[in-house]
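Please read all numbers here as calculations on a predicted model, not as lab measurements. Counting starts at 1 for both ligands and their atoms, following the listed order.
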Amino acid sequence: MTPQDSALFQAELEEAGATLVAAQQPEWPDASSVRSAVETLASFPPLVFAGECDVLRTRLAAAARGEAFVLQGGDCAETFADATADNIRDRIKTVLQMAAVLTYGASVPVVKIGRIAGQYAKPRSSGAETREGVTMPAYRGDMVNDFAFDEVARVPDPQRLVRAYHTAASTLNLVRAFTTGGFADLRHVHDWNKGFVTNAANSRYERLAHDIDKAMKFMAACGADFDTMRTTEFFASHEALLLDYERPMTRIDSRTGLAYDTSAHFVWVGERTRDLDGAHIDFVSRIRNPIGIKVSSKAEPDDLLKIIDKVDPDREPGRLTLITRMGCGTVRDALPRIVEAVTASGAQVTWVCDPMHGNTFESTSGYKTRNFDDVVEEVRGFFDVHQDLGTVPGGIHVELTGNDVTECLGGAEKILDADLGSRYETVCDPRLNHQQSLELAFLVAEMLGRD
Ligand code: PEP
Ligand code: CO
């Protein structure tokens, strides 16, 4: 990365963005402290490398062709306080376990992408939150303000942008250590299950791990080379929401002269910011990372085609991932016309199903929740639609944690509305817990194997 070129490019980004509407940005209390935080970020080393983003693009292209399957998962909103070794390890273990279930169950390579090491900013449907008659600015993620419902805590603080970088750096460091330091060796599939409370999904995993173990021993006895199995690729992703974070992290790769947002390998534009003429679509159209766009049932195919023309004018496989989040009752009706229009445009997008964000509702007891069965049903609808149209269901995008939280209803342990309060820990959307995540992986492996 060349500092001068990067500085020039960052200035160009700001200039281009200045005339565009950037939705969902915080109201920082004063301009000079934001400027100083942005300059500090621009002086920091990149978190990921251009070459790694390029590798991910080729993996996503494989998923678009049906030669791999994407598993993208992690918190809805990461917090600084929860960036502990145990939490990070358990989330990675959960994703590795799900990937093992999918790989073994459907004999397909799994592209592992965490919603991790940067998922600290949240779009909100309202700029304010009212509790018992008291109104405060909404919580916009740890990168902006604090979750505590308190006048001081809710004031946006630009120093949080800098703290987000440091937390992302230490998280990513651990992710890299776990996934390349021997822990992710496929001969340790059993170990990934250790430390989790025994339950039905766990026991099923244990049996699968036993089968994988046997297969590995058989291959070892045949003299197979295990070098590729010692480490695993694990990519980082988050929503590119706060431009005051993403722009200074964007650097020019000295090898190619191209711009990469080095805050993550993969960044996506959310449902609320994918405005064709807005600053977010403009930003992602100028960077070389593989890009995701969330697509709800409200998306107009024509608008989507214009977004594709802007972000993926060359129709490059792996460049664009469309993450559809329709809702389980809507996916079968709404998805086909979108898939048909995109296919007709010649774009070779990777289709990924987010079965979470179209299925959120408030339970009778007042918790924001999702039904495990609705999540499964949306994935099933996604697979059915793609099968009908002869297109490729390329992956899933889920909000999950390695902890035994009670945030989503149902699953084998049948979490009820009355149970939600016992371990409801998310600061934003409800996540699948460890057991529900494994269960989902087993079900998706069956759907994938069926194709
Ligand atoms: C999210 O992924 O957490 C999110 C806010 O999703 P969407 O933009 O699809 O609503
Ligand atoms: Co969410």
Asker: Which option, E239, K294, Q72, Q24, owns the non-hydrogen atom nearest atom 2 (O) of ligand 1?
Answerer: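 Considering heavy atoms of E239, K294, Q72, Q24, the nearest to atom 2 (O) of ligand 1 sits in K294.
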Asker: Taking the ring centre of each residue, are F266 and F235 less than 6.0 Å apart?
Answerer: no
Asker: Looking at R35 and E14, is any side-chain nitrogen of the basic one under 4.0 Å from a carboxylate oxygen of the acidic one?
Answerer: yes
Asker: Below 4.0 angstrom, N of the basic side chain to O of the carboxylate: do R332 and E377 qualify?
Answerer: yes
Asker: Taking only heavy atoms of K122, which atoms of ligand 1 are found under 4.0 Å from at least one of them?
Answerer: 1 (C), 3 (O), 5 (C)
Asker: In the protein, what heavy atom is nearest to atom 4 (C) of ligand 1, and what distance, to one decimal place, separates them?
Answerer: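 The answer is H357 NE2, 3.4 Å.
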Asker: For atom 8 (O) of ligand 1, what's the nearest protein heavy atom and its distance?
Answerer: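 Of every protein heavy atom, E271 N, 2.8 Å lies nearest to atom 8 (O) of ligand 1.
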Asker: Pairs of nitrogen or oxygen atoms closer than 3.5 Å, one from Q119 and one from ligand 1: do any exist?
Answerer: no
Asker: Give the atom numbers and elements of ligand 1 that come within less than 4.0 Å of a heavy atom of C76.
Answerer: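 Listed by number with element, the hits are 3 (O).
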Asker: State, to 0.1 Å, how close S237 and Q72 come at their nearest heavy-atom pair, and which atoms those are.
Answerer: OG-NE2, 2.9 Å
Asker: Using the Co ion (ligand 2) as the apex, give the angle to atoms NE2 (H357) and SG (C76), rounded to 10 degrees.
Answerer: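 Approximately 180° at the metal, rounded to tens of degrees.
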Asker: Can you name the N/O/S atom of D429 that is nearest the Co ion (ligand 2)?
Answerer: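 The closest N, O or S atom of D429 to the Co ion (ligand 2) is OD2.
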Asker: Are R154 and E129 ion-paired here, with the side-chain N under 4.0 Å from a carboxylate O?
Answerer: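 Counted as a salt bridge, because a side-chain N and a carboxylate O are separated by less than 4.0 Å.
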Asker: Taking distance alone, with N or O pairs closer than 3.5 Å, would you say R115 contacts ligand 1?
Answerer: yes
Asker: May I ask which of E399, M356, R325 has a heavy atom nearer to atom 10 (O) of ligand 1 than the others do?
Answerer: R325
Asker: Go through ligand 1 atom by atom and flag the ones less than 4.0 Å from a non-hydrogen atom of G270.
Answerer: 8 (O)
Asker: Check this for me: does any side-chain nitrogen of one of R380 and D384 sit under 4.0 Å from a carboxylate oxygen of the other?
Answerer: no
Asker: Determine, for E316 against R288, whether the closest basic-nitrogen to carboxylate-oxygen distance falls under 4.0 angstrom.
Answerer: yes
Asker: Please name the atom of E399, limited to N, O or S, that comes nearest to the Co ion (ligand 2).
Answerer: OE2
Asker: Can you confirm whether the side chains of N371 and N359 place a donor and an acceptor under 3.5 Å from each other?
Answerer: no
